[in-house]
Amino acid sequence: MSVIEREKETIRRMVEIYCWRRHGSRRGELCPECEKLLDYAFKRLDLCPFGEEKPTCKKCPVHCYSPDMRRKVKEVMRFSGPRLLIYDPFGWLRHEIKERFRRPGLLKR
């Protein structure tokens with residue numbers, strides 16, 4: 001699985017957890033607002049200039065989200081990040097390792 005595909009899977013899980021717990025949707029389903037956010041995040045990931053060398057969004061020097069969507073994604077991640085440990089421990093671990101131990105100088109182009 002590519003880096004971009006793993007990032008998509010991570011954000012999808014986070015949005016699902018957020019929507020399930022905050023908006024009362026069924027597990028695995030999204031409300032229209034969260035569906036729109038996830039579609040937007042997937043588009044941004046598809047257009048990421050770093051491709052397979054992509055850092056986590058938090059550490060990325062390029063902020064490609066619009067201010068409104070960026071606030072919403074931060075809210076989702078802040079809520080779902082800790083809960084990801086419960087619902088997807090391997091996904092959480094993979095994300096944390098990437099967040100903390102990315103190679104230095106990776107983004108120097």
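Counting from 1, the numbers follow the sequence of the chain as shown.
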Kindly work out whether a path of hydrophobic side-chain contacts (I/L/V/M/F/W/Y, heavy atoms less than 4.5 Å apart) joins Ile86 to Leu93.
-> yes
Residues at least two apart in sequence or cross-chain that pass side chain to side chain contact (heavy atoms under 4.5 Å, CB included) with Cys34, listed by chain then number, are Val15, Tyr18, Cys19, His23, Leu30, Cys31
Tell me, which pairs form a salt bridge (charged side-chain N to carboxylate O under 4.0 Å, His left out) where one or both residues lie in residues 15-31, sequence neighbours left out?
-> Arg12-Glu16, Arg13-Glu16
Could Arg71 and Asp68 be called an ion pair, given the rule that one side-chain N must be under 4.0 Å from one carboxylate O?
-> yes
Go through Asp88 and Thr10 one step at a time and tell me if the side-chain contact (heavy atoms from CB on, under 4.5 Å) criterion holds.
-> CA-CA 9 Å; Asp88 185 11; Thr10 300; over 6 Å; no
From Leu45 CG over to Ser2 OG, what is the distance, rounded to the nearest 0.5 angstrom?
-> 9.5 Å
What residues, two or more places apart in sequence or in another chain, satisfy side chain to side chain contact (heavy atoms under 4.5 Å, CB included) together with Lys74?
-> Arg70, Arg78
Say whether, by atom type as modelled, one donor and one acceptor occur between the side chain of Arg44 and the main chain of Cys64 under 3.5 angstrom.
-> yes
Tell me, with the steps shown, if Ser66 and Tyr40 meet side-chain contact (heavy atoms from CB on, under 4.5 Å).
-> CA-CA 10 Å; Ser66 69; Tyr40 183 83; 3.7 Å; yes
side-chain contact (heavy atoms from CB on, under 4.5 Å) between Val62 and Phe50: does it pass, once the steps are laid out?
-> CA-CA 10 Å; Val62 178; Phe50 299 107; 3.8 Å; yes
Nearest heavy-atom contact between Val3 and Lys54 is CG1-O, 4.1 Å
Applying salt bridge (Lys or Arg N to Asp or Glu O under 4.0 Å), name anything that partners Arg83, two or more places apart in sequence or on another chain.
-> none
Considering residues at least two apart in sequence or located in another chain, which fulfil the salt bridge (Lys or Arg N to Asp or Glu O under 4.0 Å) criterion with Glu33?
-> Lys72
What pairs with Phe42 under ring-ring contact (aromatic ring centres under 6.0 Å, His included), at least two apart in sequence or on another chain?
-> none
Working to the nearest 0.5 Å, report the span between CD1 of Ile17 and CE of Met77.
-> 12.0 Å
